[in-house]
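Contents: one structure, followed by commentary.
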2 protein chains.
Amino acid sequence: MARLKTTHDVFSAIGEPKRRILIEQLVLKEMSVNELVDIVQWPQPVVSKHLGVLRKVRIVSERRQGRHRLYRVQPDEFRPIQEWMHQFEKYWGSSLDQLDSYLTEIQARGKNEPD
Amino acid sequence: MARLKTTHDVFSAIGEPKRRILIEQLVLKEMSVNELVDIVQWPQPVVSKHLGVLRKVRIVSERRQGRHRLYRVQPDEFRPIQEWMHQFEKYWGSSLDQLDSYLTEIQARGKNEPD
DNA sequence: CAAACATATTCCGATATAGGAATATGTTTG
DNA sequence: CAAACATATTCCTATATCGGAATATGTTTG
């Protein structure tokens with residue numbers, strides 16, 4: 001046997017630092033490939049390939065608009081990670097307070113935003 | 001250039017499924033290598049090697065007791081992941097409620113547990 | 001100390017990438 | 001339709017693992 005694919009689930013997909021950087025941008029707003037290239041300053045094929053991986057594991061979705069392709073993050077797909085991380089939360093006493101106030105704030109605003 | 005090490009930070013370390021399985025066991029209780037081997041049924045060197053990676057990125061710590069080595073999870077080391085995941089939490093309207101009640105429950109009990 | 005035990009390490013081979021370079025595909029516009 | 005534009009894909013190479021097998025290291029016990 002040998003290595004396993006780092007491209008087949010959400011956990012391994014975010015193991016790659018460049019992919020995390022792309023996600024960090026896309027979570028801010030939907031963006032075209034060239035917009036991303038302008039920001040991160042990597043060769044376009046590099047960006048496209050990483051987007052391909054993210055797309056394969058459904059972390060991002062793509063929408064065509066003319067000759068552009070607009071990418072956006074699909075936050076729901078991160079839930080497996082969040083759920084897996086949940087097993088450690090009980091050890092984070094101090095951060096719970098922050099999170100709690102954050103939640104209160106969000107919920108005061110009206111729970112969820114439109115799609 | 002080529003692949004980058006999947007063994008140098010927390011994100012890539014948990015990208016490997018077997019390592020997640022080990023973590024899931026160790027979070028339950030401190031355990032020796034052979035205890036883990038008994039549970040997961042992989043060859044001992046495989047277990048040891050994955051533990052080595054987890055140890056290198058500080059996700060687990062090791063403590064010697066006689067000829068045994070007892071491993072345990074270091075939950076604090078997962079905080080970078082949790083913090084990174086935080087950027088998506090606002091999209092999880094429905095799960096916020098669960099989490100909120102979870103927090104309320106925890107806090108009612110007395111906020112933090114001893115180390 | 002020798003044997004048994006617990007675990008780590010080394011050496012090995014197979015393979016899945018990551019990135020570079022070049023090119024292909026698809027779209028708009030003149 | 002040709003040229004320009006936007007993006008994906010293919011081909012290539014180097015390399016970092018993953019797991020297997022064998023062995024080394026360290027500890028306890030008789």
Side-chain angles (χ1 to χ4, degrees), chain A residues 1-23 25-26 29-73, chain B residues 1-23 25-26 29-73:
Chain A
M1 293 293 127
R3 304 205 59 238
L4 27 130
K5 319 201 172 177
T6 75
T7 186
H8 278 16
D9 73 359
V10 185
F11 287 92
S12 48
I14 69 158
E16 157 66 57
K18 281 197 169 66
R19 286 197 285 262
R20 287 202 301 281
I21 291 174
L22 293 178
I23 290 168
Q25 292 303 320
L26 291 177
K29 71 181 187 68
E30 192 180 41
M31 247 181 274
S32 72
V33 177
N34 271 348
E35 278 183 275
L36 282 168
V37 168
D38 283 349
I39 292 174
V40 299
Q41 298 279 329
W42 310 326
Q44 173 263 314
V46 169
V47 173
S48 280
K49 280 177 208 165
H50 281 304
L51 287 175
V53 173
L54 295 176
R55 208 178 38 200
K56 190 184 326 183
V57 302
R58 309 283 172 87
I59 287 182
V60 304
S61 62
E62 171 220 350
R63 169 169 85 90
R64 286 156 210 233
Q65 192 181 48
R67 46 189 163 182
H68 297 254
R69 305 213 190 187
L70 302 177
Y71 282 85
R72 60 158 59 189
V73 166
Chain B
M1 292 297 127
R3 303 205 61 237
L4 28 128
K5 318 201 174 177
T6 74
T7 186
H8 278 17
D9 74 357
V10 185
F11 287 92
S12 48
I14 69 158
E16 157 65 58
K18 280 196 169 67
R19 286 197 284 263
R20 287 202 301 281
I21 291 173
L22 293 178
I23 291 168
Q25 292 303 321
L26 291 176
K29 73 183 188 66
E30 192 179 42
M31 246 181 272
S32 72
V33 177
N34 271 348
E35 278 183 275
L36 282 169
V37 168
D38 284 347
I39 292 174
V40 299
Q41 299 280 328
W42 311 326
Q44 172 264 314
V46 169
V47 173
S48 281
K49 280 177 208 166
H50 282 303
L51 287 174
V53 173
L54 295 175
R55 208 178 40 201
K56 189 184 326 183
V57 302
R58 308 284 173 84
I59 287 182
V60 305
S61 62
E62 170 221 352
R63 169 169 85 89
R64 285 157 211 234
Q65 191 181 48
R67 48 189 161 180
H68 297 252
R69 306 213 188 186
L70 301 177
Y71 282 85
R72 61 157 63 189
V73 166

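Order of the sequence lines sets the chain letters (A, B, ...), proteins ahead of strands, with each chain counted from 1.
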What is the distance from [atom1] of [X] to [atom2] of [N], rounded to the nearest Å?
X       : N      : atom1 : atom2 : result
A:Met31 : D:dA6  : CE    : P     : 16 Å
A:Glu62 : C:dG26 : CD    : C1'   : 12 Å
A:Lys49 : C:dA21 : NZ    : P     : 11 Å
A:Arg64 : D:dC5  : CZ    : C1'   : 16 Å
A:His50 : D:dT7  : NE2   : P     : 17 Å
B:Leu70 : D:dG26 : CG    : C1'   : 15 Å
A:Leu22 : D:dT7  : CG    : P     : 13 Å
B:Leu51 : C:dA8  : CG    : C1'   : 11 Å

Any [X] side-chain heavy atom under 4.5 Å of [Y] side chain:
X       : Y       : result
B:Glu30 : B:Gln65 : no
A:Ile39 : A:Ile21 : no
B:Ile14 : B:Ile59 : yes

Below 4.0 angstrom from OP1 or OP2 of [N], is there any side-chain N or O of [X]?
X       : N      : value
B:Ser32 : C:dA6  : no
A:Tyr71 : D:dA6  : no
B:Asn34 : C:dT7  : yes
A:Arg55 : D:dA8  : yes
A:His68 : D:dC5  : no
B:Arg19 : D:dC18 : yes

**Q.** Closest-nucleotide ordering on DNA chain C, the 5'-leading residue of A:Pro45 and B:Val47
**A.**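 On the 5' side of the pair lies B:Val47.
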**Q.** Position toward the 5' end of DNA chain C (nearest nucleotide), A:Val46 or A:Arg69
**A.**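 It is A:Val46 whose nearest nucleotide is closer to the 5' end.
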Q: Give none if C:dC11 has no partner; otherwise give the nucleotide forming a Watson-Crick or G-U wobble pair with it, both distances under 3.5 Å.
A: D:dG20
Q | Pairing nucleotide - D:dT29, Watson-Crick or G-U, each distance under 3.5 Å | A |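 Partner of D:dT29: C:dA2.
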Q.
Can you work out whether A:Ser48 or A:Arg67 has the more 5'-proximal nearest nucleotide on DNA chain D?
A. A:Arg67
Q: Taking all heavy atoms of B:Arg55 and all of B:Tyr71, pick out the closest pair and write down the distance.
A: NH1-OH, 2.9 Å
Q: Would you name the heavy atoms of B:Ala13 and B:Val53 that are closest together and state the gap between them?
A: CB-CG1, 4.5 Å
Q. Is there a donor on the side chain of B:Gln44 or the base of C:dA8 sitting less than 3.5 Å from an acceptor on the other?
A. yes
Q) Below 3.5 Å, does any donor atom in the side chain of A:Lys18 face an acceptor in the base of C:dG19, or the other way round? A) no
Q. Would you say A:Arg20 has more than 12 foreign heavy atoms packed within less than 6.0 Å of its CZ?
A.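 Count over threshold, so yes.
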Q. Touch check for B:Pro43, heavy atoms < 4.0 angstrom, all strands: base, sugar-phosphate only, or nothing?
A. sugar-phosphate
Q.
As a test of reading the structure: which of C:dT7, C:dA18, C:dC11 is closest to the side chain of A:Glu16, going by heavy atoms?
A. C:dA18
